[in-house]
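Here the structure comes first, spelled out in structure tokens, and everything after it is commentary.
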Amino acid sequence: MASPKRFIAGAVCPRCAEMDKIVMYATDEGQFRECVACGYKERQGDAESEVAELDTRVNSKKNEDDHTVKQVVFFKAGSDE
């Protein structure tokens with residue numbers, strides 16, 4: 001049985017770029033989102049499996065920097081004399 005269609009606040013349609021026109025509902029086939037302005041329809045879960053992980057500074061950069069100490073500098077405290 002289909003669930004009632006609910007608008008998603010702040011959602012933007014990927015096809016027509018209209019805001020607040022996306023509804024979400026569930027049927028026996030799965031969850032869907034649909035634009036009431038242009039008719040765009042997408043089954044949830046299909047697009048997420050095809051999208052690769054975004055490259056970020058955490059997962060894309062290899063830590064190849066040389067972190068060895070080059071020179072050690074000692075500061076001598078003033079004499080207490």
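If you chain together hydrophobic residues whose side chains sit under 4.5 Å apart, Phe32 and Met24 never meet in one group.
Residue Tyr25 is tested with Glu34, Arg6, Gln31 for a side chain to side chain donor-acceptor pair (under 3.5 Å); the sole match is Glu34.
The two residues Phe7 and Asp20 make their nearest non-hydrogen contact at CD2-O, 3.8 Å. For the pair Arg33 and Pro14, the tightest heavy-atom approach, listed with the atom from each and the gap, is NH2-CG, 4.0 Å. Of all the heavy atoms in Glu29 and Arg43, the pair that sits closest is O-NH2, 2.5 Å.
With values rounded to the nearest 0.5 angstrom, Glu18 atom CD is found 7.0 Å from Cys35 atom SG.
When the shell of 6.0 Å around CZ of Arg15 is examined, it contains more than 12 heavy atoms from other residues, nucleotides or ligands.
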